Amino acid sequence: MIRYAKPTMVDEALALLGDGAWRILAGGTDFYPAQGTKPFRDDVLDINGLAELRGIVETDDHFVIGARTTWTDIIRHPLPPAFDALKQAAREVGSVQIQNVASIAGNLCNASPAADGVPGLLVLDAEVELRSVMTTRHLPLQDFILGNRRTALQRGEMVAAIRVPKPATTGMSAFVKLGARRYLVISIAMVAARLVVEHGTVIEAAVAVGSCSAVAKRLVGVESALRGLAADGGLADAVLSAPIAELSPIADVRGSAEYRLDAVREIVARAVLQASGQMSDPGMVAA
């Protein structure tokens, strides 16, 4: 026998988590395909009844995105231009039907190297709020996702929210995804970029790449190369010559490692130019 529970209060859900091993069901868009035709072996904790965990709230120092917030919620919510990369990524998460039910926390907990939401959150310096019966802790997103399908989530914990600090919500951002076709595709590579430009000069840069390593990575060398430059077409040249040692792509059916490394520089340049206002939205790019 397995147990199934659908609590309506967060405290009730945390109490259940503290009293046994549960498999958490949120939107279900990854949960059910991963299950396939195999019989259920784990107790299932359905959190779709936790209304408290859905929505976006602005506090004095953070934007707090509830764990059950859907991609459609993010697309529709009024947010500063620094969130544009996240909104653009949200439009690339499967179909509209998937966007209507899939949750942002599910995207993170699934911990796929190709998770569309991760680069856009990385450039916003997002942190993950983890709650248990005993405590609440906050982890930077880059410390939460540990590898392919691996996270820092501990027994008895659940993701309650994603928190974005207000200082990281300045500037403009952009997201570019490279896939084998225009729609409904797992990325070959994807990039989010956020730039803060004052008086025509880049004073802050954040660039993150997904699908080119086991975990999405910030490109520190590219960010350093962009700071202090004029916000013009020369930004692309800086991207093409900057180091990208953080990446370690694999070869698979979607593309070789060499192709990914070549292609990612081009889409980083496109994202940077868009975030600087030098290029219109390139959106999804087909290989």
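Predicted model only: the values in this text are computed from it and were never measured. Residue numbers start at 1 and run along the sequence shown.
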For A67 and V159, the nearest pair of non-hydrogen atoms, with its separation, is CB-O, 3.2 Å
Give the C-alpha distance, both sets of side-chain angles, the deciding distance and a yes or no for side chain to side chain contact (heavy atoms under 4.5 Å, CB included) between I162 and E127.
-> CA-CA 6 Å; I162 293 87; E127 62 182 20; over 6 Å; no
Heavy-atom distance under 4.5 Å between the side chains of W22 and L16, does that happen here?
-> yes
Taking C-beta and beyond as the side chain, do I56 and V64 meet within less than 4.5 Å on heavy atoms?
-> no
Correct closest heavy-atom pair for G233 and L273 would be CA-CD2, 4.2 Å
Assess whether side chain to side chain contact (heavy atoms under 4.5 Å, CB included) is satisfied between I75 and Q99, documenting all intermediate values.
-> CA-CA 9 Å; I75 292 167; Q99 294 162 20; 3.8 Å; yes
For the residue pair D84 and S173, confirm or rule out a side-chain donor-acceptor distance under 3.5 Å.
-> no
Can F63 and F83 be said to form a ring-ring contact (aromatic ring centres under 6.0 Å, His included), step by step?
-> CA-CA 11 Å; F63 284 90; F83 283 87; 5.3 Å; yes
Who passes side-chain contact (heavy atoms from CB on, under 4.5 Å) against R265, sequence neighbours left out?
-> L240, I244
Measure from the side-chain N and O atoms of Q278 to the backbone N and O of A231, and report whether any donor-acceptor pair falls under 3.5 Å.
-> yes
Just jot down the side-chain hydrogen bond (donor to acceptor under 3.5 Å, both in side chains) partners of Q35, sequence neighbours excluded, or say none.
-> R23
Would you confirm whether D43, through its side chain, and R3, through its main-chain N or O, come within 3.5 Å as a donor-acceptor pair?
-> yes
Any pair counted as salt bridge (charged side-chain N to carboxylate O under 4.0 Å, His left out), so long as it reaches residues 142-159, sequence neighbours left out | R137-E157
Any side-chain heavy-atom pair of L45 and I47 under 4.5 Å = yes
Is a side-chain N or O of R260 found less than 3.5 angstrom from the main chain of S211, in a donor-acceptor match?
-> yes
At their closest point, which heavy atom of G28 faces which heavy atom of L25, and how far apart are they?
-> CA-CD1, 3.6 Å
Does the side chain of V176 reach to within under 4.5 Å of the side chain of M190, using non-hydrogen atoms?
-> no
Find out whether V209 and L247 are in side-chain contact, i.e. whether some heavy atom of one side chain is under 4.5 Å from a heavy atom of the other.
-> yes
Enter the distance from I98:CD1 to T29:OG1 here, rounded to the nearest 0.5 Å.
-> 5.0 Å
Report the distance from atom CG of D252 to atom CD1 of I188, rounding to the nearest 0.5 Å.
-> 8.5 Å
For the side chain of T170 and the backbone of P167, is there at least one donor-acceptor N/O pair under 3.5 Å apart?
-> yes
Taking every non-hydrogen atom, the tightest pair across A192 and A85 | CB-CB, 4.1 Å
Listed by chain and number, what are the salt bridge (charged side-chain N to carboxylate O under 4.0 Å, His left out) partners of E246, not counting sequence neighbours?
-> none
Under a single-linkage definition using a 4.5 Å side-chain heavy-atom cutoff for Ile, Leu, Val, Met, Phe, Trp and Tyr, are L86 and F144 assigned to the same hydrophobic cluster?
-> yes
Would you call V44 and F31 a side-chain contact if the rule is heavy atoms closer than 4.5 Å?
-> yes
Answer yes or no: is there a donor N or O on one side and an acceptor on the other, between the side chain of T201 and the main chain of V197, under 3.5 Å?
-> no
Joint hydrophobic cluster, I203 plus M172, side-chain heavy atoms closer than 4.5 Å = no
Atom pair CD/NZ of E92 and K87 - distance to nearest 0.5 Å = 14.5 Å
For D11 and R131, the nearest pair of non-hydrogen atoms, with its separation, is OD1-NH2, 3.9 Å
Hey, could you give me the CD1/CG distance between I65 and L79, rounded to the nearest 0.5 Å?
-> 7.0 Å
For the pair R227 and E204, find out whether any cationic side-chain nitrogen is under 4.0 Å from an anionic carboxylate oxygen.
-> no
Is there a chain of hydrophobic side chains (I, L, V, M, F, W, Y, each step under 4.5 Å between heavy atoms) that links V196 to V202?
-> no
Under 4.5 Å between side-chain heavy atoms, hopping through other hydrophobics if needed: is there a path connecting I104 to L53?
-> no
Kindly indicate whether the side chain of V215, heavy atoms from C-beta on, has any atom under 4.5 Å from the side chain of L146.
-> no
May I ask you to check whether over 12 heavy atoms, not counting those of L261, lie within 6.0 Å of atom CG?
-> yes
Scanning both residues in full, the closest heavy-atom pair of L235 with A230 reads CD2-O, 3.5 Å
Taking S276 for the side chain and V272 for the main chain, is one N or O donor matched with an acceptor at less than 3.5 Å?
-> yes
Rounded to the nearest 0.5 Å, how far apart are OG of S103 and CG of L108?
-> 8.5 Å
Residues 113-123, side-chain donor-acceptor partners within the protein, below 3.5 Å, at least two apart:
{"unit_1": "D116", "atom_1": "OD1", "unit_2": "K177", "atom_2": "NZ", "d": "3.1"}
{"unit_1": "D116", "atom_1": "OD2", "unit_2": "K177", "atom_2": "NZ", "d": "3.3"}

Please walk me through it: do T136 and L130 pass side chain to side chain contact (heavy atoms under 4.5 Å, CB included)?
-> CA-CA 6 Å; T136 297; L130 304 170; over 6 Å; no
For K166, which residues count as a salt bridge (charged side-chain N to carboxylate O under 4.0 Å, His left out) partner, sequence neighbours excluded?
-> E58
Can L226 and V239 be said to form a side chain to side chain contact (heavy atoms under 4.5 Å, CB included), step by step?
-> CA-CA 8 Å; L226 293 173; V239 167; 4.1 Å; yes
Given side chains that start at C-beta, do those of L17 and M158 come closer than 4.5 Å, heavy atoms only?
-> yes
Using atom types as modelled and distance alone, determine if a side-chain donor or acceptor of T70 lies under 3.5 Å from a backbone N or O of V101.
-> no
Report yes or no: does E12 contribute a side-chain atom to a donor-acceptor pair with the main-chain N or O of P7 at less than 3.5 Å?
-> no
Any link between F175 and L124 through a network of hydrophobic side chains (Ile, Leu, Val, Met, Phe, Trp, Tyr) touching at under 4.5 Å?
-> no
Does G171 offer a backbone N or O that forms a donor-acceptor pair with the side chain of R194 under 3.5 Å?
-> no
The reported gap from CD1 in I74 to CD in Q88 (rounded to nearest 0.5 angstrom) is 13.0 Å
